[in-house]
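Note: hydrogens, waters and symmetry copies are ignored here, and every other heavy atom, side chains too, is used. When a ligand or atom number is given, it counts from 1 through the structure's own listing order.
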Amino acid sequence: MTVMPRPSILSVEPYVGGESKVPGVNRVIKLSSNEGAFGPPPGAIRAIAEAAKEAHRYPDGGATALREAIGARFGLDPARIVCGNGSDELLALLILAYGGEGTELVMSAHGFMMYDLTGRWAGCRVIKVPEKNLTADVDGMLAAIGPRTRLVFLANPNNPTGSILPQSEVERLRAGLRDDILLVLDSAYAEYVTRPDYDPGVKLVDAAPNTVMCRTFSKIFGMGGMRLGWCYAPPAIVDVLGRVRGPFNVNAAAMAAGIAALAEPDWVEKSVAHNSEWRGKVAEALTAAGLKVWPSEGNFLLVDFGTPERAKAADAHLRARGLIVRAMGGYGLGQALRVTIGTAEENTLVIEALTAFARGG
Ligand SMILES: *Cc1c(COP(=O)(O)O)cnc(C)c1O
């Protein structure tokens, strides 16, 4: 006999993040984790250095200054914001608090992988609903709801497909769910969206006590290494998260960096303009080279090579040139690669390499 975890835990493979090294290649360009093209905001780098001087002090467990800064920036009540060690932590806490053994979690087939991994180890039955055109299908998701469903997850825009549901469809999803089902809207890429009808989730959170919006500093704010996310939630859910989170779940450097990132002049505007421009250019160039590129509202593109073999060959071709993108086999999209939009120079290298690949074989 030996010590054993709960059986559901061994049903899950450890999460494999985007790679950052290629053996034998000195200079690599990492376009595998949607980390934002410009690195961390300069003010955040200074704030992290400054925070180091106080590293012996415990951080503010209530994240008060950070919640106030987020509230001021997005026009939200700070009392209804909860910060986390990345939004992944908040997604997991919501699953543990509202799901678990005997419950079902509904997500779309190519939704963000953490819902599946965390849902399964928490003991939920995870139901993946087929998509239409790599886009979440509201009717299908509603049809998948059963008496044990407690959680529905929707990333909007979705990673890795880049697809988005119009606000009317998100509202139709919420309206079709029972009141005892928590809808989690994961808006990790909200800042990149330029569609005028887009709402990241605030309207639905304000409208009823059973919707939560999750956000992150890992993408447009370029701070994945700091681990900082937040959610906007109804008061009763804020109360629950306050019970289950660690007392110091967000570290002092991350909080200082988050406040500084929000204050960085023109950061979001500059990043969105760069992303929209280059996402368009890369998509256009790869399409012209004969590749299928799925429409994307995020800072990445899903490029379809037709077969898993051809996607693997393209991946090898990119790697040999030091370009690391994300293989999609784990998402059931082995025929595709996900390419993060990087700097102008990085994007140009991707265009050149994939154009040569498409022409040559
Ligand atoms: C990157 C990502 C996250 C995780 O963000 P962290 O704050 O770094 O944990 C969550 N959801 C989606 C859809 C993402 O792409």
- [ ] Please report which non-hydrogen protein atom sits nearest to atom 2 (C) of ligand 1, along with the residue it belongs to and the distance in Å to one decimal place.
- [x] Lys219 NZ, 2.4 Å

- [ ] Below 4.0 angstrom from a heavy atom of Asn159, which ligand 1 atoms are there? Numbered from 1 as shown, please.
- [x] 13 (C), 14 (C), 15 (O)

Task: Which of the ligand 1 atoms, numbered from 1, are nearer than 4.0 Å to a heavy atom of Arg227 - done: 6 (P), 8 (O), 9 (O)

TODO: Show the numbers, then the answer: is there a salt bridge (Lys or Arg N to Asp or Glu O under 4.0 Å) between Lys281 and Glu277?
DONE: CA-CA 6 Å; Lys281 280 186 183 169; Glu277 178 191 347; 2.8 Å; yes

TODO: Looking only at protein heavy atoms, identify the closest one to atom 8 (O) of ligand 1 and say how far it is in Å.
DONE: Ser218 OG, 2.6 Å

Open item on the list: For a side chain to side chain contact (heavy atoms under 4.5 Å, CB included) check, start with the C-alpha distance between Phe217 and Ile70, then their side-chain angles and the critical distance, and finish with the verdict.
Closed with: CA-CA 11 Å; Phe217 280 88; Ile70 294 169; 4.2 Å; yes

Open item on the list: Which residue and atom name correspond to the protein heavy atom nearest atom 12 (C) of ligand 1, and how close is it?
Closed with: Asp186 OD2, 3.4 Å

Open item on the list: Is there a polar contact, in the sense of an N or O pair closer than 3.5 Å, between Asp88 and ligand 1?
Closed with: yes

Task: Quiz item: cation-pi between Arg215 and Phe74, 6.0 Å / 45° - done: yes

- [ ] From atom 6 (P) of ligand 1, work out which of Pro160, Ser87, Ser33 has a heavy atom at the shortest distance.
- [x] Ser87

TODO: Can you spot which of Asn159, Asn158, Asn299 makes a side chain to side chain donor-acceptor pair (under 3.5 Å) with Tyr189?
DONE: Asn159

Task: Contacting atoms of ligand 1, where contact means under 4.0 angstrom from a heavy atom of Thr216 - done: 5 (O), 6 (P), 7 (O), 8 (O)

Open item on the list: Side chain, backbone, both or neither: which applies to Glu89 and ligand 1 if a contact is any heavy-atom pair less than 4.0 Å apart?
Closed with: neither

- [ ] Answer yes or no on whether Lys270 is positioned over the face of Phe38, meaning its NZ or CZ is under 6.0 Å from the six-membered ring centre and within 45° of the axis.
- [x] yes

TODO: Answer yes or no for Tyr189: is there a heavy-atom contact with ligand 1 below 4.0 Å?
DONE: yes

- [ ] With heavy atoms only and a cut-off of under 4.0 Å, state how Met114 meets ligand 1: side chain, backbone, both or neither.
- [x] neither

- [ ] Could you tell me whether the side chains of Asn210 and Arg178 share a donor-acceptor contact shorter than 3.5 Å?
- [x] no

- [ ] Show your reasoning for whether salt bridge (Lys or Arg N to Asp or Glu O under 4.0 Å) applies to Glu345 and Arg27.
- [x] CA-CA 13 Å; Glu345 187 203 357; Arg27 184 187 176 227; 3.5 Å; yes

Task: Test item: Asp139 and Arg172 side chains (from C-beta on) under 4.5 Å apart, heavy atoms - done: yes

